[in-house]
Student: 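Starting off with a structure, shown below.
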Amino acid sequence: MSEIRIQAQDFDPSVEIAALDDASGSVGAIATFIGLVRGDDGLIAMTLDHYPGMCEREIAVHVAEARKRWPITGLRIVHRIGRLVPGERIVFVGVASSHRQAAFQAAQFLMDYLKTRAPFWKREERQGGETWVEAKAADDESVKRWR
Amino acid sequence: MSEIRIQAQDFDPSVEIAALDDASGSVGAIATFIGLVRGDDGLIAMTLDHYPGMCEREIAVHVAEARKRWPITGLRIVHRIGRLVPGERIVFVGVASSHRQAAFQAAQFLMDYLKTRAPFWKREERQGGETWVEAKAADDESVKRWR
Amino acid sequence: MKLLYFAWLRQKIGVSEEELSVPSSVATVAALIDCLKSRGAGYEAAFRDLKALRVAVNQQHSRFDAAIGPNDEIAFFPPVTGG
Amino acid sequence: MKLLYFAWLRQKIGVSEEELSVPSSVATVAALIDCLKSRGAGYEAAFRDLKALRVAVNQQHSRFDAAIGPNDEIAFFPPVTGG
């Protein structure tokens, strides 16, 4: 079962993890990732813009790809949009699998794709004003290893 | 800050994750792994034996190594011992970092080492009796990539 | 066709979405961009540096030489910065 | 020296831990194993296949040719299966 949500409100990691763990004894491994807003470089807030429709579609395509590559028993993605201040959660990716490497790899694969392909854009507020974040070459590199 | 616990009692993943997230805005990424007892192949229960002293020491050495390799802001390892039935949690590894790849890699590194170097041994109960689990060559391979 | 602009493109152009009828000679994304650049200073600024731009045709990442038609949804945006 | 046995070694030998005085000629793990094998059928069975065995000297993974002394803690166990 896969669940993909794009939402303005916060999420609770423990609820997402509990949903991945059916306690049936078929899940051997749960790998999760939580992305948070960092404020250590003077960030006041960030605002996440997205392309409704394409965003869900892009994520669904990569979820299907992950399910083709790895034995996945459960998968949950939550991505927030709107204005977020430092310390707030941005994204959750959780993968349950019978095997440890599969769970880790699928979670990394999905995070790399969310970073580099899913149509989200960040605007940052700092003392000096607001700017759109530029894409990093390092992120483009990180996705190449999955080809 | 690192916390390493070896214990018979269960743990709560949400408490461990909350401890990694100081909400200060310095943590950008939290990668976690939860290992669970699988029962899909007829397992009734498993019992985890360990070498007290050496176990904590081995884990501490690899935690120090992880901290040398990646920028880690928080790290928590909980490993259970004793008798566990399918669906029960065995192990938790959580790493908080300023960066996504660092959090993922450190969590995988620590899990690979827990599997292949930390002195734990599993005994399995099945219909036919009890047997000690044999180490898998695949696990030995997984640790080589970190050398 | 339906045009969508995201992030700083939307700010430069001043709208997030518009319906446009283009001559049938405008049959690729690149031709559409040339056509849009003639619509004013905002468009001119938004489409100045194509290396800084990405395009999706009907919600799929596409190339500038992709064919387009009157019923397509074309979105322009900078490289994505999600997660 | 202090000897520890884990997992199926403990079951074959019948104890988890023992104190042993060995002649000073027993100066390596390999020599200790030869010495232990003479202590009975349980030991003989436990140490039959060295490829299935691992050793730690003073709580550190070691090799069979590692030097040992009277105050050392020597642990024998199968390859680990944690996590």
Side-chain angles (χ1 to χ4, degrees), chain B residues 4 6 33-38 46-62 77-82 84 89-93 107-124 129-143, chain D residues 1-20 28-30 32-33 36-37 41-83:
Chain B
I4 302 166
I6 297 170
F33 179 84
I34 300 165
L36 302 143
V37 182
R38 281 167 61 199
M46 66 162 60
T47 301
L48 270 157
D49 191 9
H50 82 303
Y51 182 172
M54 180 173 173
C55 211
E56 290 80 353
R57 180 197 185 113
E58 265 293 319
I59 296 174
V61 165
H62 293 112
I77 295 177
V78 188
H79 203 301
R80 293 179 69 192
I81 49 172
L84 302 171
R89 285 178 276 264
I90 310 170
V91 60
F92 176 90
V93 169
Q108 278 187 281
F109 169 86
L110 290 166
M111 269 310 303
D112 285 348
Y113 271 92
L114 282 175
K115 280 273 188 190
T116 54
R117 297 284 291 178
F120 290 101
W121 300 275
K122 280 182 193 145
R123 196 170 72 240
E124 294 185 341
E130 294 199 19
T131 48
W132 289 97
V133 176
E134 280 186 46
K136 287 197 204 88
D139 280 330
D140 263 336
E141 283 306 307
S142 72
V143 83
Chain D
M1 60 186 57
K2 185 177 178 184
L3 302 181
L4 300 170
Y5 310 109
F6 292 97
W8 54 257
L9 270 99
R10 186 181 54 215
Q11 293 187 308
K12 284 195 203 288
I13 292 168
V15 297
S16 60
E17 184 171 335
E18 60 187 334
E19 277 288 333
L20 204 72
T28 66
V29 172
L32 174 63
I33 290 172
L36 288 169
K37 280 166 95 171
Y43 289 91
E44 172 71 42
F47 291 104
R48 188 165 295 145
D49 180 11
L50 293 190
K51 282 200 299 296
L53 277 191
R54 299 291 181 270
V55 63
V57 177
N58 298 326
Q59 308 195 347
Q60 293 199 292
H61 290 290
S62 297
R63 290 161 40 144
F64 291 117
D65 60 3
I68 54 173
N71 297 316
D72 287 339
E73 174 178 307
I74 323 283
F76 293 102
F77 43 79
V80 305
T81 53

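Here is how names work: the chains are called A, B, and so on, in the same order as the sequence lines, proteins then strands, and each is numbered from 1.
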Student: Would you mind checking which part of E134(B) comes under 4.5 Å of any heavy atom in chain D, side chain (CB onward), backbone (N, CA, C, O), both or neither?
Tutor: backbone
Student: Counting only heavy atoms closer than 4.5 Å, note whether R117(B) contacts chain D via side chain, backbone, both or neither.
Tutor: both
Student: Do the side chain of E58(B) and the main chain of A118(B) share a donor and acceptor less than 3.5 angstrom apart?
Tutor: no
Student: Examine distances only and state if a side-chain atom of R80(B) and a backbone atom of R89(B) form a donor-acceptor pair shorter than 3.5 Å.
Tutor: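 Judged by distance alone, yes, a pair lies under 3.5 Å.
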Student: Which one, V61(B), T131(B), V133(B), leads in non-hydrogen pairs under 4.5 Å with chain D?
Tutor: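 Highest number of heavy-atom pairs under 4.5 Å: V133(B).
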Student: W121(B) side chain to W132(B) main-chain N or O, any donor-acceptor pair under 3.5 Å?
Tutor: no
Student: I'd like to know if the side chain of D112(B) reaches the main chain of F109(B), judged simply by a donor and an acceptor atom lying under 3.5 Å from each other, with no hydrogens or angles considered.
Tutor: no
Student: Could you tell me which portion of Q11(D) (side chain, backbone, both or neither) has an atom closer than 4.5 angstrom to a non-hydrogen atom of chain B?
Tutor: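 Just its side chain gets close to chain B.
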